[in-house]
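Every number for a ligand or one of its atoms is a count from 1 in the order of the listing. Nothing fancy with the numbering, it's 1 onward along the sequence.
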Amino acid sequence: MRVIIQENYENMSKWAANYIAAKINGHKDERPFVLGLPTGSSPIGVYRELVRMNKAGEVSFANVVTFNMDEYLGLPHEHDQSYWYFMHDNFFDHLVDMKPENINILNGMTDDPEGECARYEEKIASYGGIDLFMGGIGVDGHLAFNEPYTSLTSRTGVRDLTTDTRIVNSRFFGNDPEKVPAQALSVGIGTVTDSKEVLVLINGHNKARAMAAVVEGGVSQKWTCSALQLHKAAIIACDEAACGELTVDTYKYFLDIEKKERL
Ligand code: GLP
């Protein structure tokens with residue numbers, strides 16, 4: 001696993017956006033580049049930078065197919081907290097050449113959640129899998145909506161949200177955890193780790209405990225993001241604040257080994 005430590009959120013976002021753009025630009029197949037995407041506050045800076053680069057002609061999304069990680073069950077597209085709404089509002093609507101038919105987001109209003117999730121897995125497979133899955137993590141180390149103790153081989157399915165996650169996410173629902181949907185559809189940890197590359201963003205001091213568990217702890221269902229340790233090509237891009245609970249040795253090691261990558 002690589003850990004790219006940047007000074008602040010802005011530099012972390014620029015680094016990740018440059019990395020993704022370089023991967024898209026370097027993709028010479030007929031087959032589209034398949035990109036997995038997260039929601040949340042962590043990726044907003046990456047989306048902003050990718051939009052800037054797209055408008056400046058530095059990266060094209062014409063041959064990119066996207067799959068989002070997750071969606072709340074029971075929220076329609078037009079709900080301003082649905083992930084469908086978030087993705088269009090923060091990203092897709094601003095790209096000059098993203099094809100709407102290439103955007104895939106789990107349908108939170110489905111009356112057949114299991115079927116919806118099975119079809120999502122099939123569609124990912126029909127493209128030959130995901131080339132690069134970008135993600136963020138929760139304060140409890142969850143990746144997508146794979147809460148602690150979700151199987152590390154899990155596939156796309158229905159997930160119950162923990163009380164803690166509903167409390168954390170209630171900041172977007174008038175600070176009322178009861179208004180946060182109790183369930184979501186989410187790709188599994190296995191779905192993410194099947195991707196050729198995984199790039200996870202971790203920023204802010206409130207993620208420092210999870211960051212230490214994921215980087216320095218063992219592979220454990222308790223911190224589902226720790227499954228990245230078994231991936232062949234996983235990267236964590238983070239800011240200094242997220243490194244607060246790492247040992248000095250670990251912190252210095254990654255700064256040293258990745259010194260050319262520091263913005
Ligand atoms: C939600 C999403 C996750 C996301 C997490 C962190 O729970 N399901 O995919 O990574 O929030 O969000 P933020 O980036 O706002 O801290």
Side-chain angles (χ1 to χ4, degrees), residues 6 8-10 12-13 16-17 35-49 66-75 79-87 89-91 104-108 117 120 130 132-150 154 156-173 175 177 179-193 195 198-211 213-214 223-228 234-239 241-242 244:
Q6 295 294 335
N8 51 35
Y9 177 76
E10 194 191 339
M12 175 198 79
S13 303
L35 181 62
L37 295 173
T39 54
S41 45
S42 308
I44 285 179
V46 177
Y47 291 145
R48 201 179 298 134
E49 183 63 10
T66 64
F67 284 89
N68 260 83
M69 288 194 134
D70 45 15
E71 178 61 285
Y72 287 115
L73 253 185
L75 293 192
H79 191 293
D80 65 3
Q81 291 309 324
S82 78
Y83 288 167
W84 191 99
Y85 187 98
F86 174 97
M87 287 307 299
D89 193 36
N90 285 289
F91 193 44
N104 295 283
I105 302 177
L106 286 153
N107 176 12
C117 294
Y120 208 64
I130 291 177
L132 172 61
F133 218 134
M134 172 165 71
I137 63 167
V139 293
D140 58 3
H142 71 238
L143 185 59
F145 267 127
N146 297 291
E147 299 280 28
Y149 300 103
T150 306
S154 53
T156 305
V158 181
R159 300 286 189 273
D160 295 328
L161 273 55
T162 61
T163 302
D164 282 350
T165 293
R166 291 176 80 200
I167 290 169
V168 171
N169 290 3
S170 68
R171 67 195 192 278
F172 303 116
F173 290 83
N175 291 318
K179 291 204 179 115
V180 181
Q183 288 188 308
L185 302 180
S186 173
V187 296
I189 294 294
T191 320
V192 176
T193 55
S195 310
V198 185
L199 168 61
V200 169
L201 308 170
I202 307 183
N203 63 279
H205 193 262
N206 63 336
K207 303 279 175 71
R209 193 166 154 251
M211 170 86 178
V214 162
W223 301 91
T224 56
C225 190
S226 66
L228 293 184
I235 302 179
I236 289 175
C238 65
D239 65 359

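For ligand 1, the polar-atom distance check against Phe172 finds no nitrogen or oxygen pair separated by under 3.5 Å. In terms of polar-atom proximity, Ser42 is counted as a contact of ligand 1, with an N or O under 3.5 Å from an N or O of the ligand.
The single protein non-hydrogen atom nearest to atom 16 (O) of ligand 1 is Lys207 NZ, 2.8 Å, given as residue, atom name and distance. Ranking protein heavy atoms by distance to atom 12 (O) of ligand 1, first place goes to Gly40 CA, 4.0 Å. What sits closest to atom 4 (C) of ligand 1 on the protein, heavy atoms only, is Thr39 O, 4.2 Å. Ranking protein heavy atoms by distance to atom 5 (C) of ligand 1, first place goes to His142 NE2, 3.8 Å. Atom 15 (O) of ligand 1 has its closest protein heavy atom at Ser41 OG, 2.6 Å. The protein heavy atom nearest to atom 9 (O) of ligand 1 is Asp70 OD2, 3.4 Å. The single protein non-hydrogen atom nearest to atom 3 (C) of ligand 1 is Ala144 O, 3.6 Å, given as residue, atom name and distance.
Minimum heavy-atom separation, Lys207 to Ile137: NZ-O, 2.9 Å. The heavy-atom pair separating Thr224 from Leu143 by the smallest distance is OG1-N, 3.6 Å. Among all heavy-atom pairs drawn from Val180 and Ser170, the shortest one is CG2-CA, 3.6 Å.
The proximity of Asn169 to ligand 1, defined as any non-hydrogen pair under 4.0 Å, is limited to the side chain. With a 4.0 Å cut-off on non-hydrogen atoms, Pro38 does not touch ligand 1 at all. Counting heavy atoms closer than 4.0 Å to ligand 1, residue Ala184 contributes nothing at all. The proximity of Arg171 to ligand 1, defined as any non-hydrogen pair under 4.0 Å, is limited to the side chain. Contact annotation: for Tyr72 versus ligand 1, there are no heavy atoms closer than 4.0 Å.
Aromatic ring centroids of Tyr72 and Phe173 lie under 6.0 Å apart. You'll find the ring centres of Phe67 and Phe133 outside the 6.0 Å limit.
Among Asp160, Asp70, Val187, Thr150, the single residue meeting the side chain to side chain contact (heavy atoms under 4.5 Å, CB included) criterion with Phe145 is Asp70.
In the model, Gln6 has no side-chain atom that pairs as donor or acceptor with a side-chain atom of Asp239 under 3.5 Å.
Atom CZ of Arg166 has more than 12 heavy atoms from other residues, nucleotides or ligands within 6.0 Å.
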